2 protein chains.
Amino acid sequence: MKSKYVSIYEQLASKIESKEIMPGDYLPSEKELMSIYDASRDTIRKSLVMLKQAGYIQKTKGKGSIVIDIHQFEFPISGITSFKEISQSISGDVSTEVVCFEIMNADKNLSGKLNINLGDKIYYIERVRKVDGEAIILDIDVINAGIVPGLTKEIAKDSIYDYIENELGLKISFAKKEISVQTINNLDKMFIDLRGFDMMAVVESYTYLDDASLFQYTISRHRPDRFKFREFARRDKNV
Amino acid sequence: MKSKYVSIYEQLASKIESKEIMPGDYLPSEKELMSIYDASRDTIRKSLVMLKQAGYIQKTKGKGSIVIDIHQFEFPISGITSFKEISQSISGDVSTEVVCFEIMNADKNLSGKLNINLGDKIYYIERVRKVDGEAIILDIDVINAGIVPGLTKEIAKDSIYDYIENELGLKISFAKKEISVQTINNLDKMFIDLRGFDMMAVVESYTYLDDASLFQYTISRHRPDRFKFREFARRDKNV
DNA sequence: ATGTATTTGTACGTATGTATG
DNA sequence: ACATACATACGTACAAATACA
């Protein structure tokens with residue numbers, strides 16, 4: 001059962017996405033929204049906080065909530081988004097090839113990354129992402145098999161996140177990410193259509209479930225000409 | 001006057017930073033926090049939402065709020081942070097050289113970036129950032145002089161954000177950022193100690209005040225071996 | 001310049017629902 | 001079954017910033 005304030009957030013966000021409410025316009029006041037959606041001020045304000053954090057609106061005391069123009073021309077790449085989810089907004093033919101799928105015992109390096117004991121079961125997966133037939137991304141996933149059991153090569157070819165959330169019913173909650181630029185390595189040379197590039201944009205992620213357990217360490221290596229990372233940030237974190 | 005929930009957030013965050021409350025520990029329950037800080041549940045929950053968004057804690061219904069270990073080893077580079085603020089957490093000798101400071105009329109390109117009229121007054125500033133004597137970052141700032149008047153070369157050498165917030169009393173509120181990797185250009189060759197690198201990590205930012213006015217467009221070009229961008233992201237945006 | 005209405009921000013209270021142990 | 005803890009949703013009151021007559 002979805003909560004009321006999330007539902008109101010989604011309705012307002014979709015009105016903004018569809019340009020029914022344009023950038024520069026003010027939303028109805030909180031009082032008006034209360035009667036429009038038959039909700040208390042508390043509920044409306046929670047929806048507005050979500051809109052604010054997501055970069056849809058800017059609130060000003062005494063004035064109102066204005067729609068800002070961040071969302072109109074591009075989709076966000078930041079946050080926690082699976083490749084399958086991202087690929088839906090990419091124009092072009094997208095495919096995934098699973099070039100390595102192993103269940104193994106964690107060595108010293110990998111057990112450290114996942115904060116588990118030496119020898120614990122993990123999945124080690126390498127996937128190449130192709131856009132319009134060109135191999136441009138190499139994803140290396142290390143997944144704690146004690147938390148995420150039953151993975152198969154077929155699932156890895158489709159969407160691991162989909163399996164975790166919809167088959168296992170687990171909730172992916174938060175991630176720490178680190179972006180850097182690194183010189184190419186042997187895996188890049190083997191699997192990526194490098195086109196002469198000698199560096200790769202690298203996103204390392206540690207991803208956690210809602211019980212704060214770390215289940216995944218990912219290295220995502222992108223050919224630099226096809227890499228773009230977008231972020232919406234707020235200096236003032238108040239709610 | 002700082003609000004109560006922000007003050008409680010700061011107290012709890014500092015207890016976490018200082019390891020008085022360790023990762024893995026649970027915070028006192030909301031009920032207990034109410035009596036500790038003599039506050040209502042609403043106020044406590046606002047503080048906890050801030051802690052959650054900032055990556056300090058994970059909340060679980062029925063259990064409590066556990067401290068997670070994201071903040072222990074590193075500071076975030078993401079968000080809206082001035083170079084002066086970042087440099088305080090860098091070990092090493094940091095300096096800034098203002099290699100270009102001009103007030104000029106916006107041409108077609110720059111007026112488009114700042115969403116102003118052709119010919120409006122802007123500041124165009126180029127700054128080289130050195131760490132331990134080595135030039136590793138080139139920052140190019142285009143600032144709307146109608147919104148941020150009175151800039152000087154001296155201010156640019158110190159901190160423009162400091163001037164905007166503390167001298168002009170304006171509030172920097174949000175930014176849209178885009179990270180990419182680009183081949184070096186003539187400015188890089190002129191000002192950066194390239195050490196043979198032929199690409200740069202580039203962060204483009206559009207930064208806004210709290211009245212949703214766009215005042216700054218920045219291109220920050222980093223030598224790739226010294227570039228690192230960290231983000232904390234949540235898949236579930238509820239408040 | 002002043003006062004008033006509007007709008008958002010903060011703080012508190014109460015009740016009920018849902019997940020955990 | 002029960003107690004505990006967080007989540008949602010309703011309400012009230014007042015403060016602070018803004019807009020306007």
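All heavy atoms count here, side chains included; hydrogens, waters and symmetry mates do not. Owing to the predicted nature of the structure, the values given are computational and were not obtained by experimental measurement. Per chain, numbering begins at 1; letters A, B, ... match sequence-line order.
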Hunt down the Watson-Crick or G-U wobble partner of dA1(D), both distances under 3.5 Å, from any strand shown, or write none. none

Give none if dT18(D) has no partner; otherwise give the nucleotide forming a Watson-Crick or G-U wobble pair with it, both distances under 3.5 Å. dA5(C)

In whole angstrom, what separates [X]'s [atom1] from [N]'s [atom2]?
X       : N       : atom1 : atom2 : result
M34(A)  : dT8(D)  : CE    : P     : 19 Å
D211(A) : dC6(D)  : CG    : P     : 16 Å
Y9(A)   : dA7(D)  : OH    : C1'   : 19 Å
N238(B) : dA9(D)  : CG    : P     : 10 Å
K2(A)   : dA7(D)  : NZ    : P     : 18 Å
K59(B)  : dA7(D)  : NZ    : C1'   : 8 Å
Q58(A)  : dA17(D) : CD    : P     : 16 Å
R45(A)  : dG11(D) : CZ    : P     : 16 Å

Does V239(B) reach a base, just sugar-phosphate, or nothing at all? Heavy atoms under 4.0 Å. sugar-phosphate

When only distance counts, do a donor and an acceptor, one from the side chain of R41(A) and one from the base of dA9(D), lie under 3.5 Å apart? no

So, OP1 or OP2 of dT4(D): does either fall under 4.0 Å of a side-chain N or O from S29(B)? no

Hey, does the side chain of K31(B) come within less than 4.0 Å of dT4(D)'s phosphate (OP1/OP2), counting only N and O? no

If you draw a 6.0 Å radius around NZ in K31(B), do more than 12 non-hydrogen atoms from other residues or ligands fall strictly inside? no

I need the M50(A) CE to L12(A) CG distance, nearest 0.5 Å. 11.0 Å

Any side-chain donor near an acceptor of the partner, [X] and [Y], under 3.5 Å:
X       : Y       : value
S213(B) : D211(B) : yes
Q53(B)  : Y9(B)   : no
Y124(A) : E126(A) : yes
Q11(A)  : S7(A)   : yes
Y206(B) : E178(B) : no

First encountered from the 5' end of DNA chain D, between E32(B) and D42(A): E32(B)

DNA chain D nearest-nucleotide lookup for G62(A) and K61(B): closer to the 5′ end is K61(B)

Please identify the 5'-most and 3'-most nucleotides of DNA chain C with any atom under 4.0 angstrom from a heavy atom of chain B. dT10(C) to dG21(C)

